[in-house]
Number of protein chains: 2
Amino acid sequence: MSKLPPLSVDEEELALLTDFYQLTMTQACWKEAMDGVATFSLFFRRLPPERRFMLACGQQHAAERLARLRFTDMALTRLADTGLFEAGFLDWLARWRFEGDIWTLPEGTPVFANEPLLEVEAPIAQAQLLESLAMNLVQLETVLASKAVRIVLAARGRPVVDFGMRRMHGIDAAVRGVRAYRTAGLAGTSNVLGGLRHGMPLSGTMAHSYILAHDDEEAAFAAFARHYPDTTLLVDTHDTLEGVRKVIELMNAEPGIRVGAVRLDSGDLGQLARETRALLDAAGHQEVKIVASSGLDEWKIAALIEARAPIDAFGVGTEMGVSSDAPVIDLSYKLVEYAGTPRLKHSPGKINLPCPKQVYRRRDAQGRYLGDVIALRDETGVEGEALLHPMVRGGQPIEEGMALAEGARERVSDSLTRLPEELLRLEAGHGDYPVELSSALEHLRSIT
Amino acid sequence: MSKLPPLSVDEEELALLTDFYQLTMTQACWKEAMDGVATFSLFFRRLPPERRFMLACGQQHAAERLARLRFTDMALTRLADTGLFEAGFLDWLARWRFEGDIWTLPEGTPVFANEPLLEVEAPIAQAQLLESLAMNLVQLETVLASKAVRIVLAARGRPVVDFGMRRMHGIDAAVRGVRAYRTAGLAGTSNVLGGLRHGMPLSGTMAHSYILAHDDEEAAFAAFARHYPDTTLLVDTHDTLEGVRKVIELMNAEPGIRVGAVRLDSGDLGQLARETRALLDAAGHQEVKIVASSGLDEWKIAALIEARAPIDAFGVGTEMGVSSDAPVIDLSYKLVEYAGTPRLKHSPGKINLPCPKQVYRRRDAQGRYLGDVIALRDETGVEGEALLHPMVRGGQPIEEGMALAEGARERVSDSLTRLPEELLRLEAGHGDYPVELSSALEHLRSIT
C-alpha cells in the first residue's frame with residue numbers, strides 16, 4: 001500500500017545521481033561533436049581551519065564505481081520523461097561507457113591543499129559526467145576519516161568506538177562512515193550494518209531505557225550481566241557513583257558474574273572516572289574497565305587524557321559523525337587540460353594548477369615525511385614516492401591499483417609515524433607541511 | 001569482478017541499520033520475557049544557537065518505514081554469523097512485527113525544544129528496536145529543511161535553487177535532502193535523481209569546464225545558448241563584466257538567441273550584480289535575469305538583499321547541504337513510560353518529560369501562533385490545535401494521518417505567515433517562542 005519514495009539508490013540509478021548541468025553540458029558536447037580528451041583534477045584548495053592534514057578516503061572505490069556507471073533503461077526512461085533531452089542523445093547515452101583512465105591516491109593517504117586525490121582522463125563527454133558523483137563519494141569518506149583520525153590521535157592508543165549512527169546525515173553516511181572510521185583507526189562501531197558491511201567489530205553497551213524499564217538499577221545490572229558475560233554496564237542513569245557501587249555489590253554477591261566495564265555517560269567524566277576507578281580498585285576489581293561517552297570530541301578526549309583521567313576507552317558519536325568543526329571540505333573537480341592544451345580558470349586569490357599531475361612525497365633516512373612536490377605527471381627526475389596510482393585504464397579497473405585499498409587502515413597508522421610530529425597536534429598554527437610545485441609545473445602555471 | 005561493498009541499503013537490510021545495543025537489549029528483554037508497553041518520545045532539548053525554530057521533517061515517512069521493518073532471512077543470517085545471538089531469539093526476530101502505535105507531527109511543522117516530533121507506543125521489545133533508525137531518518141530531513149527555510153526567508157521571495165549535491169554527506173543525504181528542500185520552499189534543484197524522486201523542478205546552468213573546453217568564451221556562450229533557449233550562461237570564467245558584454249554581443253549579433261539569465265559565481269556579487277544589471281539594461285536586455293551563487297548562506301543572501309543587489313535568484317550549495325552552522329540537532333529517543341508507569345532519567349540541567357504527550361498550538365483571532373502547550377496525551381481541556389497525529393495504529397499505517405505528509409510544503413509556507421515575526425529573523429536573541437507545560441504534566445514531572 002505504501003506510496004513512499006524508495007530510500008535506497010540502486011546501482012542502476014547511480015548515473016542519475018548527478019547535477020542536471022552535467023547532462024545538459026554533455027548533450028551540448030554531443031551536439032557539437034566535441035571529443036577531445038579532457039583531464040579533470042579532484043582536489044581541495046585549503047585545509048579547514050583547525051586541520052593540519054586530511055586523509056584521502058573513498059577515492060579508490062569511487063574510481064571503480066565511476067568506471068562502471070551505465071545509463072540503464074530505467075534511467076533513460078526517466079530522463080526521456082523530462083522532455084529535456086533529444087532522442088539521439090538518449091540513444092548515445094544508452095551506449096555511453098567510461099573508457100578513460102582514473103588515477104587516485106591510495107585510500108588513507110594523508111593529503112594537503114592542491115594535491116589531486118583523483119584525476120580523470122577521458123573524452124570530455126565521459127570525464128565531465130563523473131564530476132558530481134565523484135565529489136559526493138569522495139567528500140563523505142574524506143571528511144569523516146579526517147575527523148576520526150584526530151579523535152584517534154587524541155585518545156593516544158586507547159580504543160575509540162563509533163556510536164554516531166543515529167545523528168549522522170542519513171543512511172549512506174552512517175553505513176559508509178564506518179568504512180572511513182575503519183580506515184582512520186577506530187576500534188569498533190555500534191552500527192550493525194556498517195560494521196558487518198565494512199569489517200569493523202560491533203560494540204555496544206546498554207541504554208538508559210533498559211535500566212528504566214526494570215524495577216531498579218540493581219535488577220537491570222544483574223539481568224544484563226547474566227545475559228552477557230564481560231559486558232559493559234551503564235552506570236549514570238540515576239547517580240554515577242551509586243551505580244558503580246551497585247555494580248560492585250553485584251559482583252561481590254554473585255562471584256560468577258563478570259563485568260567487563262562500566263560506562264560513564266554524563267557529568268564531569270574526568271572526576272567521575274577517578275572516583276569510579278578508586279571504588280573499583282578498593283573493591284579489588286582492577287579488571288573492570290572504564291568507558292566514557294557523552295558529547296566527546298578530540299579536544300575533550302585530549303583534556304581528559306591530559307588530566308590523567310583513568311578512562312580505558314571512548315565512545316564517540318555526534319561530533320565525529322558530522323565532523324562538526326569542518327562538516328565539508330571545498331573539493332573541486334576542475335578541468336586542467338583539454339585536447340592537449342593546459343586549461344586554467346583564473347580566479348583571484350585561488351591557485352589553479354594546469355595539466356595532469358603527480359604528487360611526490362619525500363622522506364628522510366628514517367622514513368619520516370619531509371614534504372611533497374606537485375609535479376606534472378610526465379615529468380621526470382622528481383624525487384620521492386609517486387603517490388597517484390592508476391586505478392582505471394581504458395575504462396577497466398586495474399587489479400593491482402585497486403588492491404591498494406585493502407591496506408588503507410595500515411597506511412594510516414604507518415603514516416601517523418611518518419608525518420612531522422607538529423602535524424599530529426590538534427591545534428593548527430605550528431607550521432605547515434611543505435608542499436612545493438615542481439619547477440616545470442610552476443613554469444607552466446605562469447604561462448597558462 | 002568487483003569486490004566493492006554495495007553502496008545502497010535495501011529495504012531488507014534496513015532492520016540491521018541500528019545500534020548493536022538495540023539488538024542485545026532486545027534479546028535481553030526477550031530472555032526476561034519483558035512485554036510491558038513502552039512509550040518512547042523523540043525530541044530535541046535545545047535549539048541550535050542561531051535558530052528560532054526547527055521544521056520537523058521526515059518523521060511521517062519514518063513512521064511508515066519503521067512500522068514495516070522486518071528481519072529478513074538475509075538479515076537473520078548475518079546476525080547469526082556474528083555468533084552473538086541465540087537461535088531462539090533469532091526465530092523470534094524472524095516473526096518480529098511492529099504492532100504498536102506511532103504518533104508524529106505532520107511533515108513541515110515548526111517545532112521547538114522538548115516537543116515530541118514522534119512518539120512510539122508498543123511492547124518494549126518492539127519500541128526499543130526502532131530508536132537508532134528513527135533518529136537517523138528524522139535527523140537528516142529536519143536538519144536540512146531547518147537550514148533551508150532560513151535561506152528561503154533570507155531570499156525574501158526570490159527563488160532559491162539547491163546546488164549542493166556534490167558536497168552533501170553521501171548519497172542518501174543528497175537524494176532525501178531534496179525532499180527536505182522541497183518542504184522548506186526551495187524552487188528547484190540541480191540534483192537529477194533527487195528532483196525526479198521527490199518532485200522538484202530540475203535546474204542547472206553550465207560549468208566553467210564547458211567554457212574552458214571551447215576555444216573562447218564567445219564560442220561556448222553561442223553554442224550553449226543555441227542548444228538551450230532561455231538558458232543561464234555562466235559569465236565569470238575569466239572576467240565577469242567582460243563575460244556579460246560577450247553575452248550582450250551575442251544577443252545583439254543573433255537576435256534569434258534568447259538568454260534567460262547570467263550567473264555570477266565569484267567576486268563581489270553585490271557590486272557585480274549592479275554593474276551587470278546596468279550593462280544589460282543599457283543594452284535593452286531587461287528580460288535577462290541575474291542568478292548568483294558562490295558560497296552563499298542565509299547571511300550573505302540577506303546582506304545582498306539589504307544592499308539592494310539586483311539578483312533575481314540564488315543558487316545555494318555547500319552551506320545549506322551540510323547545514324554548516326548546525327549540522328546536527330541533539331535529538332533524543334527517550335523512554336517516558338513503561339508498563340503504565342511514568343519513567344524519567346534524572347539528569348542535572350536537563351528537562352525530561354514523562355508519559356505520552358500531545359502538543360497544542362494556540363492562535364490569535366488572525367490565526368497567528370501565540371504559543372504552545374506540551375500536555376499529557378490523554379489530558380482534556382487544553383486549548384489549541386493538537387499537533388501530534390496518529391500515523392500508525394496496531395502496526396498499520398493510517399491513511400488519513402499519512403496523507404498529511406502531502407501538504408508539507410504548503411504547511412511550511414502557511415506557518416511562516418503565522419509564526420511571530422521576530423522568529424523569522426536570522427539572528428537569535430529576540431525573545432523565544434512561548435512553550436509551556438500543562439499543569440498536569442508539570443505536576444507529574446515534579447512527582448516522578
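Convention: sequence-line order gives letters A, B, ...; per-chain numbering from 1. On a predicted model such as this, the values are computed, not experimentally measured, just so you know.
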Engineer: If you count heavy-atom pairs under 4.5 Å between each of B:Leu14, B:Thr18, B:Asp239, B:Thr341 and chain A, which one has the most?
Structural biologist: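 Heavy-atom pair counts peak at B:Thr18.
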Engineer: Could you check which of B:Asp236, B:Leu133, B:Leu144, B:Leu23 has the highest count of heavy-atom pairs closer than 4.5 Å to chain A?
Structural biologist: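 Top count of heavy-atom pairs under 4.5 Å with chain A: B:Asp236.
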Engineer: Side chain, backbone, both or neither: which part of A:Ser203 has a non-hydrogen atom closer than 4.5 Å to chain B?
Structural biologist: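 Just its backbone gets close to chain B.
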Engineer: Distance-only, no hydrogens or angles: does the A:Arg343 side chain make a donor-acceptor pair with backbone N or O of A:Leu335 under 3.5 Å?
Structural biologist: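 Checked: no pair found.
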Engineer: Among A:Met25, A:Gln139, A:Arg166, who wins on heavy-atom pairs under 4.5 Å with chain B?
Structural biologist: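 The candidate making the most pairs under 4.5 Å is A:Arg166.
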Engineer: In terms of side-chain heavy atoms, does B:His61 have a donor or acceptor partner in B:Arg179 at a distance below 3.5 Å?
Structural biologist: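 Note: B:His61 and B:Arg179 side chains meet the donor-acceptor criterion.
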Engineer: Quick one: which of A:Arg176, A:Met34, A:Glu337, A:Met206 has the most heavy-atom pairs under 4.5 Å with chain B, could you say?
Structural biologist: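 Option with the top pair count is A:Met206.
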Engineer: By a 4.5 Å heavy-atom criterion (distance strictly below it), what part of A:Ile329 contacts chain B: side chain, backbone, both, or neither?
Structural biologist: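 Only the backbone of A:Ile329 comes within 4.5 Å of chain B.
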Engineer: Looking at A:Ala173, A:Gly170, A:Ala75, A:Ser323, which makes the most heavy-atom pairs under 4.5 Å with chain B?
Structural biologist: A:Gly170
Engineer: When heavy-atom pairs shorter than 4.5 Å are enumerated against chain A, which of B:Asp330, B:Val336, B:Val143 gives the highest number?
Structural biologist: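 Looking at each of B:Asp330, B:Val336, B:Val143 in turn, B:Asp330 comes out on top.
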Engineer: Who among A:His198, A:Glu319, A:His238, A:His214 has the most heavy-atom pairs with chain B under 4.5 Å?
Structural biologist: A:His214
Engineer: For each of A:Arg197, A:Met168, A:Glu86, tally heavy-atom pairs with chain B at distances under 4.5 Å, and name the one with the top tally.
Structural biologist: A:Arg197
Engineer: With a 3.5 Å cut-off and no angle check, do the side chains of B:Gln27 and A:Tyr228 form a donor-acceptor pair?
Structural biologist: yes
Engineer: With chain A as the partner, which of B:Gly58, B:Ser8, B:Ala15 has the greatest number of non-hydrogen pairs under 4.5 Å?
Structural biologist: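 Winner by heavy-atom pair count: B:Ser8.
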Engineer: With only heavy atoms counted, which part of B:Thr205 is less than 4.5 Å from chain A, the side chain, the backbone, both or neither?
Structural biologist: both
Engineer: Between A:Leu137 and chain B, with a heavy-atom cut-off of 4.5 Å, which part of the residue counts as in contact: side chain, backbone, both or neither?
Structural biologist: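 The side chain, not the backbone.
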Engineer: Please classify the contact between A:Thr24 and chain B as side chain, backbone, both or neither, with a heavy-atom cut-off of under 4.5 Å.
Structural biologist: both
Engineer: Contact part of B:Ala213 toward chain A, heavy-atom cut-off under 4.5 Å: side chain, backbone, both or neither?
Structural biologist: both
Engineer: So which heavy atom on A:Phe224 is nearest to which on A:Thr231, and how close?
Structural biologist: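 What the structure gives for the nearest pair is CE2-OG1, 3.6 Å.
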Engineer: Which heavy atom of A:Ala220 sits nearest to which heavy atom of A:Ile211, and what is that distance?
Structural biologist: CB-CA, 3.8 Å
Engineer: Taking side chain as everything from C-beta outward and backbone as N, CA, C, O, which of these in A:Arg167 sits under 4.5 Å from a heavy atom of chain B? Side chain, backbone, both or neither.
Structural biologist: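 Both backbone and side chain of A:Arg167 come within 4.5 Å of chain B.
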Engineer: Whether the side chain of A:Asn191 engages the backbone of A:Ala174 through a donor-acceptor N/O pair (distance < 3.5 Å, no angle test) should be reported.
Structural biologist: yes
Engineer: Which heavy atom of A:Asn352 sits nearest to which heavy atom of A:Pro354, and what is that distance?
Structural biologist: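 So the minimum-distance heavy-atom pair works out to O-CD, 3.9 Å.
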Engineer: Given that the side chain runs from C-beta out, which part of A:Arg226 has a heavy atom under 4.5 Å from chain B: side chain, backbone, both or neither?
Structural biologist: neither
Engineer: Could you have a look at A:Gly195, A:Gly321, A:Gly204, A:Ser132 and say which one has the most heavy-atom pairs with chain B under 4.5 angstrom?
Structural biologist: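 Among A:Gly195, A:Gly321, A:Gly204, A:Ser132, the one with the most close pairs to chain B is A:Ser132.
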Engineer: Counting only non-hydrogen atoms closer than 4.5 Å, does A:Ala38 touch chain B with its backbone (N, CA, C, O), its side chain (CB onward), both, or neither?
Structural biologist: neither
Engineer: Give a yes or no on this: more than 12 heavy atoms of other residues, nucleotides or ligands lie within 6.0 Å of atom CG of A:Asp81.
Structural biologist: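 Yes, enclosed.
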Engineer: A:Leu7 versus chain B, heavy atoms under 4.5 Å apart: side chain, backbone, both or neither?
Structural biologist: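 Contact with chain B involves both backbone and side-chain atoms of A:Leu7.
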Engineer: Counting heavy-atom pairs under 4.5 Å to chain A, which of B:Leu140, B:Asp19, B:Asp10 comes out on top?
Structural biologist: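 Greatest number of close heavy-atom pairs with chain A: B:Asp19.
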Engineer: For the backbone of B:Gly164 and the side chain of B:Asp162, can you confirm whether one donor and one acceptor N or O come within less than 3.5 Å of each other?
Structural biologist: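 Confirmed, B:Asp162 side chain pairs with B:Gly164 backbone.
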Engineer: Any idea which of B:Arg65, B:Glu131, B:Glu13, B:Gln22 has the most non-hydrogen atom pairs under 4.5 angstrom with chain A?
Structural biologist: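 The residue among B:Arg65, B:Glu131, B:Glu13, B:Gln22 with the greatest pair count is B:Arg65.
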Engineer: Please work out which of the three classes, parallel, tilted or perpendicular, describes the rings of B:Phe40 and B:Tyr333, given edges at 30° and 60°.
Structural biologist: parallel
Engineer: Measuring heavy-atom distances to chain B, does A:Phe20 have an atom under 4.5 Å in its side chain, in its backbone, in both, or in neither?
Structural biologist: both
Engineer: Please report the shortest heavy-atom distance between B:Leu344 and A:Leu212, naming the atom on each side.
Structural biologist: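 Reported closest heavy-atom pair: O-CD2, 3.7 Å.
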Engineer: State, yes or no, whether a side-chain contact exists between B:Gln128 and B:Cys29 at a heavy-atom distance under 4.5 Å.
Structural biologist: no
Engineer: Examine distances only and state if a side-chain atom of A:Thr82 and a backbone atom of A:Leu84 form a donor-acceptor pair shorter than 3.5 Å.
Structural biologist: yes
Engineer: Between B:Tyr338 and B:Gly36, is there a donor-acceptor pair closer than 3.5 Å when you use the side chain of the first and the backbone of the second?
Structural biologist: yes
